[in-house]
Amino acid sequence: MKPSIPKGTRDFSPSQVIKRNYIFDTIRSVFIKYGYQPIETPAMENLSTLTGKYGDEGDKLLFKVLNNGAYLNKSDATAFVEKDSAKFTQSVSKRGMRYDLTVPFARYVVMNQNDISFPFKRYQIQPVWRADRPQKGRYQEFYQCDADVVGSNSLMLEAELAQIYDEVFANLGVSVTIKINNRKILFGMAEAAGVADKFIDMTTAIDKLDKIGMEGVANELTNRGIATAAIEKIQKMLSITSLAALKPLFENSETGLKGIEELEAFHQYFDTKPAINKIEFDSTLARGLSYYTGCIFEVKANDAVMGSIGGGGRYDDLTGNFGLKGVSGVGISFGAARIFDVMEELKLFPENIAVQLKCLLVAFDKPSHEYAFSVLNKIRSAGISAELYPEPAKMGKQMKYANARAVPFVIIIGSDEMNSGNLAMKNMATGEQEKYALLELLEKLK
RNA sequence: GUGAUUGUAGCUCAGUUGGUUAGAGCGCUGGUUUGUGGUUCCAGAGGCCGCGGGUUCGAAUCCCGUCUUUCACCCCA
C-alpha cells in the first residue's frame with residue numbers, strides 16, 4: 001500500500017513547524033500583552049452547535065463524524081431510499097469537526113457564563129476543518145488564531161483589535177493593509193438606495209468589487225433584482241472614500257448614521273497611536289459570515305497575491321443562538337497558513353530561527369565515544385543544546401550529518417582529546433578549529 | 001457543488017506516430033581517504049509509469065471510470 005494523506009491536508013517538516021511556531025509565538029505574545037487569556041475547545045462539536053451558524057454554504061462545508069456502533073439501526077431508511085443525503089446524514093451523525101473558533105467560543109461562553117467575569121477576553125490558537133475544494137491558500141485543515149471579547153459594546157475594543165493586527169504584522173515584517181467598514185454603513189447604503197430588503201444580496205455583490213470591477217457588480221446587482229436607479233446610487237456611494245462625504249447621504253438612515261458614528265468613535269481611540277501599517281476605510285468591504293453586525297475588518301498582504309490573511313468584526317448576538325441574550329462580542333482572526341505562505345513567498349522568515357541545535361559531538365572509537373557522552377552531559381547541564389552522534393562512525397559520515405543539521409559547532413573527540421582533556425571545537429561556518437578545556441568550551445558556546 | 005488541470009525513482013522532471021531491457025539531474029549507500037563537512041572521481045541500490053477496467057499481437061503512451069495535485073467559480077482563512 002502506498003501511503004497518502006487526505007486531500008487538503010499537509011504534513012509539516014521540522015523546519016516548517018519551527019517557522020509556524022514563530023508565527024504563533026509572535027501572535028500569542030501580542031495577544032497576551034493586550035490581556036487576552038487562552039482557552040481550548042474540542043476538535044469535535046455537536047452538529048447542533050455548528051449547523052445554521054455559517055449559512056447554507058457553510059453547512060455544506062462542515063465535516064461530519066459518523067456515529068459509533070451500530071449506527072445503521074437508528075438511521076433514516078426513508079431518507080436513504082430517497083437519496084436525501086442531508087436528512088440521512090442527520091440520522092447517522094451527531095458530531096462535526098469545528099469549522100471556526102468563534103462559534104465554539106460562543107458556546108463556551110454560554111456554558112461557562114457563571115464562572116466568567118465579563119468582559120471576557122480570550123485567545124485561541126487551534127486547527128479548524130472545512131470540506132472545501134483545496135486551492136491556493138485554501139486547505140481542509142488549517143490553524144486559526146483568534147482573539148475575541150464578549151460582554152462589552154465599547155468601540156475601544158475594535159480599536160485595540162486593530163492595534164493587535166498592526167502590531168503582529170509589524171513584528172512579523174509583513175506589510176499589510178487593514179481594511180475597516182461597518183455593516184451598519186452597508187445597511188445605510190441599502191436604505192439610501194431604497195433596497196433595504198435586498199441588503200444581503202447587495203453586500204455579497206459589492207464584496208466582489210475588487211475582483212469583478214464596478215461593471216461586474218452592476219451586473220450582479222441587476223441579476224439579483226435591483227433596479228437600475230438604485231444601482232447608480234449604490235455605485236456613487238461606493239466611490240466615496242471618506243466618512244464625512246458619506247454622512248449627508250444617510251440623512252434618512254438612522255442605521256447608516258450610527259455606523260458612521262461608530263467608525264468615528266473607533267478612530268478617536270485608534271488614532272492616538274501612530275499605526276505602522278496602513279489602515280483604511282473601505283465601503284466595499286462586506287465579509288461573508290452572516291453574524292457580523294457592526295465594525296468589520298479584513299487584512300490583506302500588500303506584496304503578495306493572496307486572499308485575506310485575517311478578518312473579524314463585531315457580532316451583537318452570537319450567544320443568542322445558545323440562549324444568552326444581549327451579550328455583544330467582537331473579535332479578529334489570523335489565518336496562520338496563509339501568513340505562512342505569504343512569508344515564505346516574500347522570504348520574511350529570519351535565517352536563524354531554524355538553528356536549534358548548538359553543537360554536535362563526534363567521536364572516533366568506542367572509548368572516546370563513551371568519554372564524549374560524559375562531556376555531552378556536562379554541556380547539556382550547562383543549558384546548551386547538544387547532541388552526540390550515536391555511534392563512532394567514520395569522520396566523513398559524522399561531518400556530513402553535522403552539515404545536514406546545520407549545526408554551528410562540532411566538537412571532535414578522539415584519544416588525544418580524551419587524554420589531554422582539551423577538546424577540539426570546529427566552527428562549521430568558518431572552518432576554524434581550536435582546542436579548549438571543558439570550562440573554556442562551555443563559555444565559548446554560551 | 002461547477003469547470004479545467006496533474007500523476008513516471010526519495011525529490012525535480014524527460015520519455016517521439018502505441019513496439020521489445022522506462023531514462024537524466026539531485027539525493028541516498030559504498031569506495032577513493034584507518035582523524036574532518038559544505039568543492040573531486042568511481043561504483044551501486046532504488047520504479048505495479050496513481051489505482052481499476054477496456055481497445056490491441058503489443059499500452060507509461062489510446063478510451064472509460066476512480067482517487068489525487070494544481071487552478072478558477074461558489075464560498076472563504
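Throughout, protein chains are lettered first and strands after them, A, B, ... in sequence-line order, and every chain is numbered starting at 1. Predicted model, so just to flag it, every value in this text is computed and none were measured.
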Trainee: For nucleotides B:C42 and B:U32, find the distance between their C1' atoms and express it as a whole number of Å.
Mentor: 7 Å
Trainee: With sugar-phosphate meaning primed atoms plus P, OP1 and OP2, does A:Y143 contact a base, only sugar-phosphate, or nothing at under 4.0 Å between heavy atoms?
Mentor: nothing
Trainee: Using the C1' atom as the point on both nucleotides, what is the distance between B:U33 and B:U16, in whole Å?
Mentor: 46 Å
Trainee: Sequence neighbours left out, cut at 3.5 Å: what donor-acceptor pairs do the side chains of residues 395-402 of chain A make with other protein atoms?
Mentor:
unit_1 : atom_1 : unit_2 : atom_2 : d
A:Q398 : NE2    : A:A363 : O      : 2.9
A:Q398 : NE2    : A:A393 : O      : 2.7
A:Y401 : OH     : A:E387 : OE2    : 2.7
A:Y401 : OH     : A:R405 : NH1    : 2.9

Trainee: Counting distance only, does the side-chain N/O of A:Q126 pair as donor-acceptor with the main-chain N or O of A:T41 below 3.5 Å?
Mentor: yes
Trainee: Let me check something: any side-chain donor-acceptor pairs from residues 438-446 of chain A under 3.5 Å, sequence neighbours excluded? List them with distances.
Mentor:
none

Trainee: Go through RNA chain B and write down every stem, that is, every run of at least three consecutive Watson-Crick or G-U wobble pairs with distances under 3.5 Å, as range with range.
Mentor: B:1-4 with B:70-73, B:10-13 with B:23-26, B:28-31 with B:41-44, B:50-54 with B:62-66
Trainee: Which residues pass the side chain to side chain contact (heavy atoms under 4.5 Å, CB included) test with A:M214, not counting sequence neighbours?
Mentor: A:L209, A:Q235, A:L238
Trainee: What's A:S333 touching, base or sugar-phosphate or nothing? Going by heavy atoms closer than 4.0 Å.
Mentor: nothing
Trainee: Enumerate, atom names and distances included, each donor-acceptor pair closer than 3.5 Å involving a side-chain atom of residues 419-434 of chain A, sequence neighbours excluded.
Mentor:
unit_1 : atom_1 : unit_2 : atom_2 : d
A:N419 : ND2    : A:S415 : O      : 3.1
A:S420 : OG     : A:D416 : O      : 3.1
A:S420 : OG     : A:N422 : N      : 3.1
A:N422 : OD1    : A:A437 : N      : 3.4
A:N427 : OD1    : A:A429 : N      : 2.9
A:N427 : OD1    : A:T430 : N      : 3.2
A:T430 : OG1    : A:E432 : N      : 3.2

Trainee: In a table with atom names and distances, give each donor-acceptor pair under 3.5 Å that connects a side chain of residues 155-164 of chain A to protein atoms at least two apart or in another chain.
Mentor:
unit_1 : atom_1 : unit_2 : atom_2 : d
A:E158 : OE1    : A:R314 : NH2    : 2.9
A:E158 : OE2    : A:R314 : NE     : 2.8
A:E158 : OE2    : A:R314 : NH2    : 3.2
A:E160 : OE2    : A:Y36  : OH     : 2.9
A:E160 : OE2    : A:K121 : NZ     : 2.9

Trainee: Please state how far atom CD in A:E57 lies from atom C1' in B:C73, giving the value in whole angstrom units.
Mentor: 11 Å
Trainee: Measure distances between side-chain N and O atoms of A:K7 and base N and O atoms of B:U68, and say whether any donor-acceptor pair falls under 3.5 Å.
Mentor: no
Trainee: Does a nitrogen or oxygen in the side chain of A:Q135 sit under 4.0 Å from OP1 or OP2 of B:A72?
Mentor: yes
Trainee: Indicate, with a heavy-atom threshold strictly under 4.0 Å, whether A:E417 touches base, sugar-phosphate, or nothing.
Mentor: base
Trainee: With sequence neighbours left out, write down each residue that passes salt bridge (Lys or Arg N to Asp or Glu O under 4.0 Å) with A:R224, or none if nothing qualifies.
Mentor: A:D201, A:E220
Trainee: Using whole Å, report how far CD1 of A:I309 lies from P of B:A77.
Mentor: 13 Å
Trainee: Using centres under 5.5 Å plus planes under 30 degrees as the test, is A:F364 stacked with B:G35?
Mentor: no
Trainee: With a 4.0 Å cut-off on heavy atoms, is A:G137 in touch with a base, just the backbone sugar-phosphate, or nothing at all?
Mentor: base
Trainee: Could you tell me how far B:G3 sits from B:U66 if I compare only their P atoms? Round to whole Å.
Mentor: 12 Å
Trainee: Any salt bridge between A:R338 and A:D341, counting N to O under 4.0 Å?
Mentor: no
Trainee: Once side chain to side chain contact (heavy atoms under 4.5 Å, CB included) is applied, do any residues pair with A:M97, and if so which ones, sequence neighbours excluded?
Mentor: A:A43, A:M44, A:F63, A:V65, A:W129
Trainee: Using whole Å, report how far CG of A:D365 lies from P of B:U36.
Mentor: 14 Å
Trainee: Under the 3.5 angstrom rule, does the side chain of A:N181 hit a backbone N or O of A:D282 as a donor-acceptor pair?
Mentor: yes
Trainee: If you assign each of A:S308 and A:M395 to its closest nucleotide in RNA chain B, which residue comes earlier from the 5' end?
Mentor: A:M395
Trainee: With rounding to whole Å, what would you report as the distance between B:A14 and B:C49 at their C1' atoms?
Mentor: 13 Å
Trainee: With rounding to the closest Å, how many angstrom separate the C1' atoms on B:G18 and B:C63?
Mentor: 13 Å
Trainee: Determine whether the aromatic ring centres of residues A:F349 and A:F340 are separated by less than 6.0 angstrom.
Mentor: yes
Trainee: From C-beta outward on A:Q144, which listed nucleotide comes closest to its side chain: B:A77, B:C71, B:G35?
Mentor: B:A77
Trainee: Under a 3.5 Å distance rule, please check whether A:Y34 uses its side chain to pair with a backbone N or O of A:S29 as donor and acceptor.
Mentor: no
Trainee: Within the 4.0 Å heavy-atom criterion, would you say A:K300 contacts the bases, only the backbone, or no part of the nucleic acid?
Mentor: nothing
Trainee: Would you mind reading off the distance between A:D201 atom CG and B:C75 atom P, rounded to a whole angstrom?
Mentor: 11 Å
Trainee: Take atom CZ of A:R130 and atom P of B:C75, then tell me their distance rounded to the nearest Å.
Mentor: 14 Å
Trainee: Using atom CD of A:E432 as one end and atom C1' of B:U36 as the other, report the distance to the nearest whole Å.
Mentor: 15 Å
Trainee: Mind listing the N/O atom pairs, protein and nucleotides 28-34 of chain B, below 3.5 Å?
Mentor:
unit_1 : atom_1 : unit_2 : atom_2 : d
B:G31  : OP2    : A:K394 : NZ     : 2.8

Trainee: Categorize A:A429 for me: base, sugar-phosphate, or nothing, with a 4.0 angstrom heavy-atom threshold over every strand shown.
Mentor: base
Trainee: What pairs with A:P119 under side chain to side chain contact (heavy atoms under 4.5 Å, CB included), at least two apart in sequence or on another chain?
Mentor: A:V149, A:S152
Trainee: Sticking with atom C1', work out how far B:A59 lies from B:C51, rounded to a whole angstrom.
Mentor: 16 Å
Trainee: Can you find a donor-acceptor pair, distance only, under 3.5 Å between A:R138 side chain and B:A77 base?
Mentor: no
Trainee: Scan residues 402-430 of chain A for pairs that pass ring-ring contact (aromatic ring centres under 6.0 Å, His included), counting only residues two or more places apart or in two chains.
Mentor: none
Trainee: Please state the C1' separation for the pair B:C71 and B:U8 - nearest whole angstrom.
Mentor: 23 Å
Trainee: Roughly, in whole Å, what's the span from CD in A:Q398 to P in B:G35?
Mentor: 11 Å
Trainee: For nucleotides 2-7 of chain B, read 5' to 3', which letter fits each nucleotide if B means a protein heavy atom sits under 4.0 Å from the base, S means only the sugar-phosphate is that close, and - means neither?
Mentor: BB----
Trainee: Considering every strand and a 4.0 Å limit on heavy-atom distances, what is the contact class for A:G8: base, sugar-phosphate, or nothing?
Mentor: sugar-phosphate
Trainee: For RNA chain B, whose closest nucleotide is more 5', that of A:G311 or that of A:I412?
Mentor: A:I412
Trainee: How long is the line joining CE of A:M399 and C1' of B:G37, in whole Å?
Mentor: 5 Å
Trainee: Could you work out the separation of B:C73 and B:G46 based on their P atoms and round it to a whole Å?
Mentor: 46 Å
Trainee: Using a distance-only criterion (donor-acceptor N/O pair, under 3.5 Å, no hydrogens), is the base of B:U36 paired with the side chain of A:Q433?
Mentor: yes
